[in-house]
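What follows is one structure encoded as structure tokens, with my remarks underneath.
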4 protein chains.
Amino acid sequence: MSPGPNAARRSESSRKAILAATEELCRENGYRKLTIEAIAARAGVGKTTIYRWWPSRGAIVLELLDETATVGTAPPNTGDLAADLRALLQEVIDIIVPADTSPGVGLMAESLQDPELGRALRERLIEPRIETFKQRLRQAQDAGQLPADADLEVALDLLYGPIYHRLALHLGMPDSDHLDALIAHVLRALTAPKAG
Amino acid sequence: MSPGPNAARRSESSRKAILAATEELCRENGYRKLTIEAIAARAGVGKTTIYRWWPSRGAIVLELLDETATVGTAPPNTGDLAADLRALLQEVIDIIVPADTSPGVGLMAESLQDPELGRALRERLIEPRIETFKQRLRQAQDAGQLPADADLEVALDLLYGPIYHRLALHLGMPDSDHLDALIAHVLRALTAPKAG
Amino acid sequence: MSPGPNAARRSESSRKAILAATEELCRENGYRKLTIEAIAARAGVGKTTIYRWWPSRGAIVLELLDETATVGTAPPNTGDLAADLRALLQEVIDIIVPADTSPGVGLMAESLQDPELGRALRERLIEPRIETFKQRLRQAQDAGQLPADADLEVALDLLYGPIYHRLALHLGMPDSDHLDALIAHVLRALTAPKAG
Amino acid sequence: MSPGPNAARRSESSRKAILAATEELCRENGYRKLTIEAIAARAGVGKTTIYRWWPSRGAIVLELLDETATVGTAPPNTGDLAADLRALLQEVIDIIVPADTSPGVGLMAESLQDPELGRALRERLIEPRIETFKQRLRQAQDAGQLPADADLEVALDLLYGPIYHRLALHLGMPDSDHLDALIAHVLRALTAPKAG
DNA sequence: GTTTAAGCGAGACGGTACGTCAAGTCTTTGG
DNA sequence: CCAAAGACTTGACGTACCGTCTCGCTTAAAC
């Protein structure tokens, strides 16, 4: 699938300029006041160029976050399950709210309303990390740290849930101690003998 | 604070019409395409009347949800803690996503970006229910069903978190069985002996 | 026509306050920005009270000018025809543009577009003065200063015309010398023998 | 000042459509009820496009009249001074009130209140014609038909004044006979020996 | 002296148009 | 043929006043 002669070739410098402008404008005015027009003007780029390559404002920001975020498909495995889980949770927190002005929250908000964006957000940012998370839990099962029949779906809900809970309620992200408490509770729930 | 002697008073019929129009338009086109203009037109009301009494589109929807939602300050207490908790969780779910077209999700999304709306949303919809929830947990502590030193903040995060988690990831709300599993895990975590 | 039983009891103090507020607001912001709402607020009066007694903004200003203007049905007759005519012209100038911020010009403008107001303006301000003017010319005819067959309609057009001409072209009203020149020309035209 | 290399250029078709819509709407409802919104709707044009190129409703109408009006910088000179002057006066009358519904009067009215519009109106419509008029009078002086010291400013006031006088008083424009009478009087005034 | 109906202030109401903003599309010109 | 520039249509925004309409209160006339 290499481009043929005279094939349309995307300008990498424009792409960079657009992402940079987006990042700056988010930092200055917040995601809420981010407009395509402003991005185009700041990046020195025609609006057409933006619309040619991205379907929406959110998609640009998504690409920005994706580039910034750390990558790594294999889960960390230090042997300390709780610590590894905390690192994984922290990674998601850092994507969504590394700083007050960062666009992660705005992107989450927009994705609630825009199914297409929501899908892209999950596919590119969320699900790979969930998958890594589950891998780590399965490794724990293999190591005998968790029962083989532990309900990993419930574990996901319980561990990632608080992040979104606090996001939704403007409560500020859980700090390190609270993360530890959450993880400790969940691990206890998974290992404690079930009633009956 | 009764109105002064010469105060012209608010028209209850307009208020009703505005809320009704809002509800209809959400049902027809979704919260996303809801506009003040359309509400005014549908309600047969001047835009000014809307702006006089509500600061934003979200505020109208908030009032709509608030009126629709069930009220009740005292927590249910049937003796069955898990069942009572499930009822309380279900109540919040029903406010946010009673139906696909209901505006709860849109309102949540908007409140993420609009601090004023977020504050109002928490004050009027969320916090009263959290308070009720905590009351029920305290009653359980008094009844010896939960340890006196159980961390209720963590319990809140663990129980409400999944709702927002699933909201954020477009996963659909937990069904009754999943709710039960979540609650069972959390109760186990709260009652299981702590490590160390 | 004394008021019958149950006659409307108009509040003279409100009327005064409205005219005073109108005058002030014209002075401050110009006729253009004059609004009924502002008049009502400044006068400490309900809008209803204004609409009860005046059909339009212009009608209020007309009443204001009418009260301010000098009255006098009999024309001045000092024997000096040119001087008397100049006094009569000056009187009209003083009604329309006593000062830069005065509402006379605005009223003229509005009356061009509002037939009802135009009619009222002519009846109450213009025509009485035209009638007086014609009387003076007729006195001049009787005194032999003007030919008996002088065309008084043309004289009116020629003498009052320049006022409106200059108004329309934002040229500033004719000063005393220019008025004299205009009058001298017209009197010459009226007395000069017609071409045969 | 030709447009830069990458300049998108003004749409002539939009401009035409806007002027046409303006003309139609004036004919149908009169200048008074002319709104930018209606023009945009009728012309199938965005309001922004109108605001981009014209500062006000009046400016559009001015451009409309300017396009419609006859052009011609050199004054007519048939040798018959009175007839030439009448033609020049008639030209101004035809611009302002060619028909009952024409927007000329409204434009005059608005220009009385809007200095910017007034300036534009004079520059584009009035002053060129005044200049032509003065040229013709100077030609008459050269031809010995008028004294070299005739006061042309006074002549202007006396000849154009009646037009605005009658406009202001809703009297209807002078017909051909009255125009002749006015011109005859003024020429007599200019040629008659001065008193003293 | 009461009664009582009008005028009154206040201001909410349904509307119309305003002038602005940003969206997404289209057109022109240049590299 | 991509990209920049920016003009275009569209549609919603929030505001300003319009002229109308209830409200209670005040007040002068009629009883």
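Every chain is numbered from 1 and lettered A, B, ... according to where its sequence line falls, protein lines coming before strand lines. Every heavy atom of this structure was used, including side-chain atoms; hydrogens, water molecules and symmetry mates were not.
Remark: P of E/dG19 and CZ of D/R52 are 16 Å apart, rounded to the nearest angstrom. Summarising the geometry, the separation between CD on B/E12 and C1' on F/dT22 is reported as 16 Å, rounded to the nearest angstrom.
D/R57 places a side-chain N or O within donor-acceptor distance of the main-chain N or O of D/Y31, the cut-off being under 3.5 Å. A donor-acceptor pair is defined here as one N or O able to donate and one able to accept, closer than 3.5 Å; no such pair exists between the side chain of D/T49 and the backbone of D/V45. A side-chain donor-acceptor contact under 3.5 Å links B/R122 to the backbone of B/G118.
Both D/S11 and B/P55 lie near DNA chain F, and the one whose nearest nucleotide falls closer to the 5' end is D/S11.
In the set F/dG14, E/dG24, F/dA29, F/dA29 carries the atom at the smallest distance from any side-chain atom of C/R9.
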Got a list of protein N/O to nucleotides 15-17 of chain E N/O distances below 3.5 Å?
| unit_1 | atom_1 | unit_2 | atom_2 | d |
| --- | --- | --- | --- | --- |
| E/dG15 | O6 | B/T48 | OG1 | 2.7 |

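Between B/R27 and B/E24 no salt bridge is recorded (no basic side-chain N to carboxylate O distance below 4.0 Å). Ion pairing of C/E28 with C/K33 is absent here, as no side-chain N (NZ or NE/NH1/NH2) approaches a carboxylate O to less than 4.0 Å.
Dashed line: the shortest gap from a side-chain N or O of C/S14 to OP1 or OP2 of E/dG7 is not under 4.0 Å.
Cation-pi check for C/R10 over C/W54 is met; the charged atom lies under 6.0 angstrom from the ring centroid and within 45 degrees of its normal.
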